Asker: 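Sending over a structure as structure tokens; questions will come in a sec.
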There are 2 protein chains.
Amino acid sequence: MEDEVDRLVSAWRRERPDLDVEPLEVLSRVSRLARHLDRARRLAFAEHELEPWEFDVLTALRRAGAPYQLSPGQLLTQTLVTSGTMTNRIDRLAKKGLVQREPDPSDRRGVLVRLTDEGRDRADEALAGLLEQERAILAELSRTQRRELADLLRQLTAPFDNTPG
Amino acid sequence: MEDEVDRLVSAWRRERPDLDVEPLEVLSRVSRLARHLDRARRLAFAEHELEPWEFDVLTALRRAGAPYQLSPGQLLTQTLVTSGTMTNRIDRLAKKGLVQREPDPSDRRGVLVRLTDEGRDRADEALAGLLEQERAILAELSRTQRRELADLLRQLTAPFDNTPG
DNA sequence: TCCAACTATCTCGATGTCAAGAGACTTCAC
DNA sequence: GTGAAGTCTCTTGACATCGAGATAGTTGGA
């Protein structure tokens with residue numbers, strides 16, 4: 001089946017036959033798919049009255065394991081946002097009672113963000129909903145294909161994830 | 001090589017051993033990779049003094065072929081943004097002299113957005129720069145692997161691209 | 001002990017995006 | 001032809017994000 005990127009690539013081949021646009025076959029699909037996923041996730045989370053950004057922060061804390069605490073700095077690196085954004089997010093989540101800010105006992109500059117019981121429950125519910133939806137999207141592929149796809153993607157993400165930049 | 005999603009998945013397996021988190025192996029990688037690509041693209045375009053959103057609009061027009069005209073509505077479907085956003089983008093591109101708004105001769109509700117000569121040149125330059133950068137990112141993979149990856153991704157994007165939703 | 005360099009978090013202003021709805025025009029059934 | 005429904009673009013207000021800089025605290029060498 002044809003997709004939008006097939007149309008995009010053939011348009012470029014017509015307009016710029018001098019250029020090799022093969023990279024777009026992979027990377028434009030990644031970008032567009034991510035865009036579609038964002039929308040789908042927004043819908044899935046709406047059932048649990050959570051925004052995608054709230055999910056990102058809550059689940060980062062959830063994954064940390066009891067006592068569900070991380071510093072804002074640790075949350076930054078996991079969520080790929082800037083520090084100003086994270087401060088704002090923590091403020092709003094705290095106001096909703098899903099997280100709590102506490103002073104870091106070992107560094108007075110620092111803060112620890114801790115999941116409340118309600119925050120933990122909301123994260124767990126939303127994760128279950130997300131996985132259900134993602135399984136439906138991935139039903140297009142066989143188990144083997146999903147494995148192949150994950151492995152190929154890992155080769156592309158690893159350099160980004162394992163360098164300081 | 002391990003990436004951030006491997007760490008994320010193993011954290012979930014430790015914290016929620018009751019859940020099957022296999023879907024994340026694929027879709028979290030897609031989202032994170034898209035995030036990294038956004039940043040990389042921003043850098044590549046900065047050399048041509050273009051923002052990513054400007055590139056998206058200019059190249060959509062460029063791909064349309066001479067006379068490089070599309071309606072705002074056609075631009076919407078290609079760029080996956082809302083109509084309010086597109087109005088704003090066209091305004092700003094017009095102010096910079098990269099596009100021009102013209103009345104649609106066949107529908108008086110409508111407008112046609114047309115690339116100026118400068119807009120066309122800027123789009124061409126930026127595309128060349130982008131392709132160069134993307135080739136570097138994809139150098140991790142063999143030609144065959146890139147083909148496989150593109151084909152697998154197409155299976156996931158096609159349902160989104162070929163349904164009204 | 002003191003100071004410079006560094007680190008962690010927060011503040012602030014600018015900006016791009018979205019969602020909802022308004023206004024103008026077109027289409028189609030009757 | 002006429003009116004209702006549909007379509008296309010633009011307006012508006014709210015909001016999350018970014019980037020740069022400010023503030024407070026820590027660290028290590030002289």
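So that the names make sense, note that chain A is the first sequence line, chain B the second, and so on, each numbered from 1. Not measured: the values here are computed from a predicted model. Values reported hereafter were calculated over all heavy atoms of this structure, with side chains retained and with hydrogens, waters and symmetry mates removed.
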Asker: Expressed in angstrom and rounded to an integer, what is the separation of A:R108 atom CZ from D:dA24 atom P?
Answerer: 13 Å

Asker: Measure across B:L58 and B:A123 and return the closest heavy-atom pair with its distance rounded to 0.1 Å.
Answerer: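 Scanning both residues completely, I find the closest heavy atoms to be CB-CB, 4.0 Å.
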
Asker: Quickly work out the B:L76 CG to D:dT7 P distance and round it to whole Å.
Answerer: 14 Å

Asker: Check whether more than 12 heavy atoms from other residues, nucleotides or ligands sit under 6.0 Å from atom CD of A:E2, and answer yes or no.
Answerer: yes

Asker: Take a 6.0 Å sphere around CZ of B:R101 and say whether it holds more than 12 heavy atoms from other residues, nucleotides or ligands.
Answerer: yes

Asker: Below 4.0 angstrom, which residues in residues 44-72 of chain B have at least one non-hydrogen atom near DNA chain D?
Answerer: B:S71, B:P72

Asker: Is it the case that the base of D:dT7 and the side chain of B:R109 share a donor-acceptor contact (distance under 3.5 Å, atom types as modelled)?
Answerer: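 Check passes, donor-acceptor contact within cut-off.
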
Asker: When you look at CD of B:E132, are more than 12 heavy atoms from neighbouring residues, nucleotides or ligands closer to it than 6.0 Å?
Answerer: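 No.
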
Asker: Between D:dC8 atom P and B:E102 atom CD, what is the distance in whole Å?
Answerer: 19 Å

Asker: Considering residues at least two apart in sequence or located in another chain, which fulfil the side-chain contact (heavy atoms from CB on, under 4.5 Å) criterion with B:D121?
Answerer: B:E125

Asker: Around atom CZ of B:R108, are there more than 12 heavy atoms of other residues, nucleotides or ligands at under 6.0 Å?
Answerer: no

Asker: Whole angstroms only, please: what is the CG-C1' distance between B:D38 and D:dA16?
Answerer: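 Rounded to the whole Å, the gap is 16 Å.
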
Asker: Send over the distance from B:R101 CZ to D:dT9 P, rounded to a whole Å.
Answerer: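 In whole Å, D:dT9 P lies 10 Å from B:R101 CZ.
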
Asker: Quick one: how far along DNA chain C does chain A reach, first to last nucleotide 5' to 3', anything under 4.0 Å to a heavy atom?
Answerer: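 So the outermost contacting nucleotides come out as C:dT7 to C:dC18.
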
Asker: In terms of heavy-atom contacts, does CZ of B:R143 have more than 12 from other residues, nucleotides or ligands at under 6.0 Å?
Answerer: no

Asker: Closest heavy-atom contact between A:R16 and B:R62?
Answerer: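 Looks like CD-NH2, 3.3 Å.
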
Asker: If each of A:R42 and A:Q74 is mapped to the nucleotide of DNA chain C with the nearest heavy atom, which maps nearer the 5' terminus, i.e. the 5' end?
Answerer: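 Its nearest nucleotide being more 5', the pick is A:Q74.
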
Asker: Output every pair passing ring-ring contact (aromatic ring centres under 6.0 Å, His included) with a member in residues 42-65 of chain B, not counting sequence neighbours, ordered by first then second residue.
Answerer: B:F45-B:F55

Asker: Of the residues in residues 82-95 of chain A, which ones touch DNA chain D at a heavy-atom distance under 4.0 Å?
Answerer: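 Nucleic-acid contacts, sorted: A:T82, A:G84, A:T85, A:N88, A:R89, A:R92.
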
Asker: Residues two or more places apart in sequence or in another chain: which of them pass salt bridge (Lys or Arg N to Asp or Glu O under 4.0 Å) with B:R135?
Answerer: A:D20

Asker: Check this for me: A:R7, atom CZ, are more than 12 non-hydrogen atoms of other residues, nucleotides or ligands nearer than 6.0 Å?
Answerer: yes

